[in-house]
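Please read all numbers here as calculations on a predicted model, not as lab measurements. As the structure lists them, so they are numbered: ligands from 1, and atoms in each ligand from 1.
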Amino acid sequence: MSVRAKGCLLGVIGVALLGGIAAAGAAERAGARTGADEHPVATEARLGGDESRTRFVVDLSRTVDLAAFTLADPYRVIIDVPQLVFRLPAKSGESGRGLVKAFRFGLVMQGGSRIVLDATGPVRVDKAFVLDSVDGQPARLVVDLVAIDRDSFLRNLAIENQARRAAAPSKAERDRTVKNTDARPLLVIDPGHGGLDSGTVAPSGETEKTIVLDFALKLRDKLEKTGKYRVAMTRTDDHFVPLAERVRLARTNQAALLISIHADALARRDTEGRGATVYTLSETASDAEAARLAEAENRADLIAGVDLTDEPDEVADILIDLAQRETKAFSMHFARALVGEFKTSARLHKHPLKSAGFRVLKAPDVPSVLVELGYVTNPQDLKLLTSESWRGRAADSIVQAVQTFFTTRLAGAGAAGGSN
Ligand SMILES: [Zn+2]
């Protein structure tokens with residue numbers, strides 16, 4: 001219930017992501033059977049007050065513990081709670097009141113939900129508590145915010161961060177890997193977004209987070225079926241994973257390849273806005289559209305309320321790393337193989353091979369590509385993206401590109417090239 005308790009909770013998120021995700025598929029799939037009824041239900045969320053003092057209230061089926069804290073640039077208030085079932089009225093959080101512009105909610109880890117309030121300016125969490133249910137009234141989560149100046153806000157933030165660092169797990173704990181005696185190469189499949197970050201949304205309501213998860217699960221099954229690879233997923237259900245955790249999963253488990261799966265959107269109808277595109281990492285974007293997309297994709301952490309103060313990661317620094325040279329060449333090698341395969345199975349974008357500064361592609365030692373399967377704003381693309389047969393064909397193409405990648409990579413290194 002205390003505001004300070006958040007440090008522990010964030011620490012747990014880091015460990016849970018690595019420990020949980022890297023484990024075998026059985027544990028991942030077990031998450032799916034989690035019955036909704038065992039979790040408290042949120043039925044209503046409302047805002048009261050004005051620009052000097054604003055109260056945020058959520059009605060709950062029973063009391064829960066909470067941790068509330070603030071983040072800067074942009075100003076946000078994060079409320080972490082145990083996993084909730086959100087049965088809020090439609091459009092909840094789309095508009096605000098007082099010190100809150102809007103809010104989002106969703107699963108941030110297995111067992112943990114999060115609510116992110118976008119604040120209009122610097123605020124302080126004055127009170128954060130949960131009231132027991134009385135006289136047939138639901139239990140209530142209450143967070144009171146007061147307006148403060150930026151200097152005070154930053155001072156509070158520094159104190160909060162100190163407490164959080166003290167409680168954070170050590171690097172050794174965080175980088176714990178699962179013991180592995182299987183010599184087959186490990187592929188990390190990364191369905192973008194998840195939980196309170198929906199990604200792009202089609203006019204008809206389909207969300208990128210769901211489209212790419214369905215696709216990624218199919219791809220995983222097909223890759224496993226070859227018997228040649230181990231596959232780890234960054235997520236197998238609807239929860240959010242910070243971008244740095246996705247990269248860390250690939251690095252600590254010495255993945256041979258990371259494939260991040262996404263679906264793009266355009267604000268206005270654009271004749272070029274269709275077909276699949278394959279992206280690699282670069283400091284300077286290959287064109288304006290690639291720059292726009294990288295910016296949009298990199299916002300995921302911000303949307304989900306991830307604190308980035310401990311994550312200094314200039315793409316430029318990584319690119320001058322010598323170790324990166326080989327990785328970069330391998331990434332391009334796979335990207336080209338993928339475009340080649342997609343030619344026969346998928347609609348390709350007019351310029352299907354591009355690059356930009358995607359945070360999820362920044363592992364210096366793991367070849368990584370990001371695939372935009374198509375545009376959810378293009379009706380024909382959306383039809384393909386949600387079609388079982390197209391998904392099957394496109395996933396087959398990726399499997400084929402993976403096979404080509406490993407065969408030719410080995411050949412290039414002078415090893416047993418033709419044996420595959
Ligand atoms: Zn995306």
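Residues that satisfy the side chain to side chain donor-acceptor pair (under 3.5 Å) test with Ser345, not counting sequence neighbours, are Ser397. Annotation: side chain to side chain donor-acceptor pair (under 3.5 Å) contacts of Arg150 (sequence neighbours excluded): Asp73, Tyr75.
By the criterion of a separation under 2.8 Å, the protein N/O/S atoms near the Zn ion (ligand 1) amount to His193 NE2, Glu208 OE2, His262 ND1, Glu297 OE1, Glu297 OE2.
Within the structure, every pair that satisfies the salt bridge (charged side-chain N to carboxylate O under 4.0 Å, His left out) test and touches residues 192-217, not counting sequence neighbours, is listed here: Lys209-Asp238, Asp214-Arg391.
Atom CZ of Arg46 has more than 12 neighbouring heavy atoms from other residues, nucleotides or ligands inside a 6.0 Å radius.
In this pair, Phe405 and Phe334 present their aromatic rings perpendicular. The plane angle is above 60°, beyond the 30 to 60° band.
Looking at Lys354, Arg292, Lys350 one by one, the single match for salt bridge (charged side-chain N to carboxylate O under 4.0 Å, His left out) with Asp287 turns out to be Lys354.
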